Amino acid sequence: MLDLATPKRVAIIGGGTAGWFAALTLRRIFSPAVEVTLIEAPDIGIIGVGEGGLLNLVDALNRNKIPVDEFVRETGAAYKLGFVYEGWRGGGREDCYYHLFGGPGIPELEWRQSGFFPLLSARIAAGQDLHSCVPGFEAIARNASQDEMRALLAAGKSGLVASYHFDSYRVASYLKQVAISRGVVHRKARIDELVLDRDGYTRSLQFEGQQLDVDFLIDASGLARIGIGNTYGRRWESFSDCLLLDRAIPFHLPNPHKNPALLTRAVSMKAGWMWQIPLIERVGAGYVFSSKHIDEATAVAEIEAYLGHSIAPMRTLRFEAGHYRTVWINNVVALGLASGFVEPLEATSIGQMLEQLRNIERVLVDGNGIVSRQTIEDFNRSNAQCWAGIRDFLRMHYDCPRKDTQFWRDVAKAPFPESYAELKQCFQRRTPRIVDIEGYVGAGWQGIFHTVNWMFVAAPLGVVPAAAARTELRRLPPETHADIKAYLDLLAGTSTAVRRQGASVH
Ligand SMILES: Cc1cc2nc3c(=O)[nH]c(=O)nc-3n(C[C@H](O)[C@H](O)[C@H](O)COP(=O)(O)OP(=O)(O)OC[C@H]3O[C@@H](n4cnc5c(N)ncnc54)[C@H](O)[C@@H]3O)c2cc1C
């Protein structure tokens, strides 16, 4: 049992996005008598390559009582409404599909029956894309300004839910200022060692000849992975057999248009893909690639040939896709990059970190600071389930038609995780359902990707074929067939409106 009913000091190692969000959270949940200290090594620095959040970013700001407008203003964040995938089906630059952050306000999502969305299935059956049914897509396509988008989102009819593109350096520096103003103690030092007692609890941190006693520790030390990795030596669950990318070369680009684009671009390249994250003042970009298929110099040359101009690459980042099986041991929890990382496809890193943190808070608050071993085991199990969902979702993106280079041919041969192979078999027969993916969500946790997210990727890649959608539509009760036909007529342009149960679809 972990007893944090009367702690004196809780500490965080690391001053990146994970560390400062953790500091704000601990400051909020512990009484003012408890010291919350964050220690960061200025000589190591943080990761900041132009990041994109998921939908739980806004929840995390709200939970921490940070006004979203202030966050946007202080960090230069720009709207992010989803992703565009370019060239993943082998069709070059013009070949785009979209994964949008869809929400309330999409008429096609209002009819749900037998676990699926008949009108989305009708679109797939008719060979139509899914993104055009999101009313706000028109604003994305014409590159609406931030102000226009704000008004559209506020009106609640765009069918879109917003997250943000941001620069982690500016986010960490803003969160730091807020956390210090709320009483978090900030120390600059490089931790040399975690000092453990006989039972494996971390009792103090050693640095520069000093010792700092702690009752609870969040290890947010990034890729240094000082706690759960180096000190506790826990088992790494590698995804490198199915997710082949292991290097990233970040760089900056000027914004090509007057308004920052509203989507993250994921451009397929010869040995991986290039992210472009539009911020207010520039684009954060990078090529994430497989070192078995291309070296750094060739990667830079390929980027420059694609863009038509030279770039100033920043340091190359190396990583292995995966996570620690156990991220919470006794009184230490690893958070953010210190606990795991996969390539930035679908921007899962900060999303997963915030969900971990929400659950650390839930467990500590609901348990009144007293946490049983089983609860810690449940946390670890749920965290691993969440990572398995991320792995399978990402693996599906590579289950794509592009095959023109050795990398894309090797990707096609890379094994499917068993769970994805099973899902794919189901998706060949019918569209994704919540029952397919709820196993990725542990008790008390919230899923990062939902059915519609899976549909936005599975359908354009052909993982859900049109025939599967036609079959499931035929199984609907006969009295609904006229509604489906009317919708198909609408899509075919032979009708102008569909009414179902009094609700206008278009
Ligand atoms: C190529 C790439 C692209 C990415 N794109 C996205 C994206 O689009 N969306 C997304 O959500 N995320 C993305 N990420 C991940 C995202 O950048 C990180 O998850 C996020 O910045 C949080 O990082 P962190 O706080 O865990 O670690 P870091 O930012 O690395 O911070 C680590 C901290 O630990 C400190 N530290 C390390 N060792 C010690 C020590 N011994 N003593 C004291 N302090 C120490 C360092 O000084 C630093 O302050 C991307 C990452 C990479 C590599």
Side-chain angles (χ1 to χ4, degrees), residues 11-23 37-57 60 80 83 163-173 175-176 186-194 205-208 212 217-227 229-231 245-251 263-266 272-279 284-289 313-321 323 327 334-357 390 448:
I12 301 109
I13 303 177
T17 311
W20 286 111
F21 262 117
T37 296
L38 182 146
I39 307 128
E40 64 172 323
D43 54 325
I44 296 183
I46 69 170
I47 300 252
V49 294
E51 274 78 12
L54 296 178
L55 298 184
N56 62 1
L57 173 66
K80 168 178 171 180
F83 306 84
S163 186
Y164 293 91
H165 291 124
F166 51 83
D167 169 357
S168 274
Y169 284 104
R170 287 188 67 180
V171 168
S173 133
L175 296 180
K176 170 177 164 183
H186 177 216
R187 299 182 75 151
K188 289 185 187 171
R190 188 177 185 136
I191 303 294
D192 300 318
E193 205 184 328
L194 276 58
L205 305 175
Q206 262 183 15
F207 56 97
E208 297 160 7
L212 187 78
L217 176 68
I218 291 194
D219 169 19
S221 61
L223 297 174
R225 295 181 175 148
I226 182 171
N230 297 353
T231 306
L245 306 190
D246 60 358
R247 299 280 187 281
I249 302 180
F251 55 96
L263 303 174
T264 297
R265 283 177 70 189
W273 60 278
M274 174 168 56
W275 76 87
Q276 290 197 12
I277 295 205
L279 310 173
Y287 185 177
V288 54
F289 59 94
M314 296 187 250
R315 71 180 162 131
T316 300
L317 299 161
R318 294 160 175 248
F319 63 90
E320 177 184 351
H323 65 95
V327 293
L335 184 72
L337 296 176
S339 74
F341 180 64
V342 295
E343 59 174 277
L345 195 67
E346 293 286 346
T348 55
S349 190
I350 290 171
Q352 165 75 348
M353 178 276 285
L354 292 174
E355 183 54 13
Q356 285 179 318
L357 193 52
I390 289 171
I448 292 198

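Treat the numbers as computed from the prediction; the structure is a model and nothing was measured. For the numbers below, each heavy atom of this structure counts, side chains included, while hydrogens, waters and symmetry mates do not. Order of appearance sets the numbers: ligands from 1, and atoms from 1 within every ligand.
- Salt bridge status for Arg190 with Asp43: present, with a side-chain N to carboxylate O gap under 4.0 Å.
- Between the side chains of Gln352 and His323, no donor N or O sits under 3.5 Å from an acceptor N or O.
- For ligand 1, the 4.0 Å heavy-atom shell takes in Ile13, Gly14, Gly15, Gly16, Thr17, Ala18, Ile39, Glu40, Ala41, Ile44, Gly45, Ile46, Ile47, Val49, Glu51, Gly52, Ser168, Ala189, Arg190, Ile191, Ala220, Ser221, Gly222, Ala224, Ile226, Ala248, Trp275, Ile277, Leu317, Gly336, Leu337, Phe341, Pro344, Ala347, Ser349, Ile350, ordered by chain and residue number.
- Looking at residues two or more places apart in sequence or on another chain, you find a side chain to side chain donor-acceptor pair (under 3.5 Å) between Glu346 and Tyr85, His99, His397.
- For the side chain to side chain donor-acceptor pair (under 3.5 Å) with Thr264, the qualifying choice from Gln276, Glu51, His165 is His165, the only one to do so.
- In summary, the aromatic rings of Phe289 and Tyr287 are positioned with their centroids under 6.0 Å apart.
- Applying the side-chain contact (heavy atoms from CB on, under 4.5 Å) test between Leu205 and each of Thr37, Asp192, Ile191, Ile226 identifies Ile191 as the sole match.
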